[in-house]
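The block underneath contains the structure these notes are about, expressed in structure tokens.
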Amino acid sequence: MPDLPRPQRITVDAGQVRRLVAGQFPQWADLPVRPVARGGWDNFTFHLGDALVVRLPSAAEYALAVGKEHRWLPELAPRLPLPVPAPLAAGRPDAGYPFEWSVYPWLPGEPASAEGVADPVGFAVDLAALQSVDAAEGPQPGLHNWFRGAGLRTYAGSVERALTTLDGQVDTGRAREIWQTALDAHWDGVDRWFHGDVAPGNLLLGDGRLAAVIDFGTCGVGDPACDTAIAWTLLTAEGREAFRERLSLDEATWARGRGWALWKTLITCAQKPDPDARRVLAEIFAEYSGRSESR
């Protein structure tokens, strides 16, 4: 498969958002607009008053997910045990903004952190609930979700480029071994729902428990191993073991999930100095080495 396209991101400011809202949803025209702190990459997000949020894709490729979210989130929301943001309104291109956009309810909570997860077992159960929803007719992997659920080979080129950049800085031999193990790990071919970007910023905590999951732009049906990457990118070693045990994940699924975590971590490390990403990479290496020695 050829390399995925590099999105050409645009810019959006609060004044433009105010014009979009006033022109299409006059009932909200008087509400103040301000950027959301740590608003994300795929979408620009702005508070609309205290109870709403406006999400605007930052590139044409990310805009492909808008229709999917409006189609599926209203169906998924009532089937899940915790809040997910079902869209309230669909916006049209206007005011110099070229893509479809959305208005969602604002869901309260704090972005997840390793120290903030009080119960990794409960966290695992809540996070895995999406996989129990009937996957029939769900969106198959494609550019709308950057081929999440289709397998890791889509990302082989970006992994190799990252390893070339990081040569001499990290153990690239060990990284290639982990990556190949993930590529070789078998998937049973049964479609299951997945979120696709289970990152700390998309997981909101309340009193130590998962309170909401947001940003379903990369969701779809296929191989759900991408959602297990959070075991390395967020949880402690003890939490990771509890997560795996509670979900009864087999060795192949675990290896593919580790591969997803490795891909994300390598490209982050290759782009800029990032102590958190280096810490995660060390966790991946240590966990893999521990399992290899125990076999």
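For the single chain, residues carry numbers from 1 onward in sequence order.
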**Message:** Walk me through whether V54 and S102 qualify under side chain to side chain contact (heavy atoms under 4.5 Å, CB included).
**Reply:** CA-CA 6 Å; V54 181; S102 308; over 6 Å; no
Indicate if [X] and [Y] have the same hydrophobic cluster label, given that clusters are the connected sets of ILVMFWY residues with side-chain heavy-atom separations under 4.5 angstrom.
{"X": "I267", "Y": "V170", "result": "yes"}
{"X": "V125", "Y": "L82", "result": "no"}
{"X": "L73", "Y": "L80", "result": "yes"}
{"X": "W193", "Y": "W187", "result": "no"}
{"X": "F194", "Y": "L249", "result": "no"}

**Short N-O contact, E241 and R244, less than 4.0 angstrom** =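 Looking at E241 and R244, the cut-off is not met.
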**Item:** Pair R79 + D134, salt bridge at N-O below 4.0 Å
**Value:** no
Side chains of [X] and [Y]: does their closest heavy-atom pair fall under 4.5 Å?
{"X": "I284", "Y": "I178", "value": "yes"}
{"X": "L56", "Y": "N43", "value": "no"}
{"X": "R55", "Y": "E69", "value": "yes"}
{"X": "L210", "Y": "L203", "value": "yes"}
{"X": "Y62", "Y": "W146", "value": "yes"}
{"X": "T236", "Y": "V117", "value": "no"}
{"X": "P200", "Y": "S113", "value": "no"}
{"X": "W106", "Y": "L52", "value": "no"}

For atom [atom1] of [X], is the number of surrounding heavy atoms from other residues, nucleotides or ligands below 6.0 Å larger than 12?
{"X": "E110", "atom1": "CD", "value": "no"}
{"X": "Q16", "atom1": "CD", "value": "yes"}
{"X": "D30", "atom1": "CG", "value": "no"}
{"X": "R246", "atom1": "CZ", "value": "no"}
{"X": "E245", "atom1": "CD", "value": "no"}
{"X": "Q27", "atom1": "CD", "value": "yes"}

[X] side chain vs [Y] backbone, donor-acceptor pair below 3.5 Å:
{"X": "Q24", "Y": "R92", "answer": "yes"}
{"X": "S58", "Y": "F44", "answer": "no"}
{"X": "N202", "Y": "D197", "answer": "yes"}
{"X": "K264", "Y": "A229", "answer": "no"}
{"X": "R9", "Y": "W41", "answer": "yes"}
{"X": "T265", "Y": "L281", "answer": "no"}
{"X": "H195", "Y": "I214", "answer": "yes"}
{"X": "R256", "Y": "H186", "answer": "yes"}
{"X": "E287", "Y": "F285", "answer": "no"}
{"X": "N145", "Y": "G142", "answer": "yes"}

Heavy-atom pair with the smallest gap, counting every atom of [X] and [Y]:
{"X": "A136", "Y": "W72", "answer": "O-CH2, 4.2 Å"}
{"X": "F216", "Y": "P85", "answer": "CE1-CD, 4.2 Å"}
{"X": "H144", "Y": "A65", "answer": "O-CB, 3.9 Å"}
{"X": "H70", "Y": "P74", "answer": "O-CD, 3.3 Å"}
{"X": "L266", "Y": "A162", "answer": "O-CB, 3.7 Å"}
{"X": "P111", "Y": "R38", "answer": "CG-NH2, 3.7 Å"}

Once you round to the nearest 0.5 Å, how far does [atom1] of [X] lie from [atom2] of [Y]?
{"X": "R240", "Y": "T228", "atom1": "CZ", "atom2": "OG1", "result": "11.5 Å"}
{"X": "D188", "Y": "T253", "atom1": "CG", "atom2": "OG1", "result": "7.0 Å"}
{"X": "W232", "Y": "L262", "atom1": "CH2", "atom2": "CG", "result": "10.5 Å"}
{"X": "D215", "Y": "T45", "atom1": "CG", "atom2": "OG1", "result": "9.0 Å"}
{"X": "F25", "Y": "L31", "atom1": "CZ", "atom2": "CG", "result": "12.5 Å"}
{"X": "R278", "Y": "T268", "atom1": "CZ", "atom2": "OG1", "result": "11.0 Å"}

**Prompt:** So, for W101 and F46, is the gap between ring centers shorter than 6.0 Å?
**Reply:**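 No: the rings miss the under 6.0 Å criterion.
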**Prompt:** Hey, mind stepping through S158 and W263 against side-chain hydrogen bond (donor to acceptor under 3.5 Å, both in side chains) and telling me if it holds?
**Reply:** CA-CA 8 Å; S158 60; W263 160 72; 3.2 Å; yes
Using the six-membered ring wherever Trp is involved, compare the ring planes of [X] and [Y] and label them parallel, tilted or perpendicular (cut-offs 30° and 60°).
{"X": "F99", "Y": "Y97", "result": "perpendicular"}
{"X": "W254", "Y": "F243", "result": "tilted"}
{"X": "W260", "Y": "Y155", "result": "perpendicular"}

**Message:** What I want to check is whether the side chains of S289 and R174 have a donor and an acceptor closer together than 3.5 Å.
**Reply:**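 Their side chains do contain a donor-acceptor pair, which is all the 3.5 Å distance test asks for.
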**Prompt:** Between T164 and D167, do the side chains contain an N or O donor and an N or O acceptor separated by less than 3.5 Å?
**Reply:**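 D167 and T164 do not have a side-chain donor-acceptor pair below 3.5 Å.
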**Item:** Q140/D191 under side-chain hydrogen bond (donor to acceptor under 3.5 Å, both in side chains): CA gap, chis, key distance, verdict
**Value:** CA-CA 9 Å; Q140 292 289 324; D191 283 343; 2.9 Å; yes
**side chain to side chain contact (heavy atoms under 4.5 Å, CB included) between V103 and V53, worked out** = CA-CA 6 Å; V103 179; V53 64; over 6 Å; no
**Item:** Evaluation steps, side chain to side chain contact (heavy atoms under 4.5 Å, CB included), between V21 and L48
**Value:** CA-CA 9 Å; V21 171; L48 182 58; 4.3 Å; yes
**Request:** Evaluate the side-chain hydrogen bond (donor to acceptor under 3.5 Å, both in side chains) criterion for residues T181 and D184: first the C-alpha distance (whole Å), next the side-chain angles of each, then the deciding distance (0.1 Å), finally the verdict.
**Result:** CA-CA 5 Å; T181 299; D184 292 341; over 6 Å; no
**Asked** After noting the C-alpha distance and the side-chain angles of D94 and R19, does the key distance pass the salt bridge (Lys or Arg N to Asp or Glu O under 4.0 Å) rule?
**Response** CA-CA 9 Å; D94 197 7; R19 292 193 297 275; over 6 Å; no
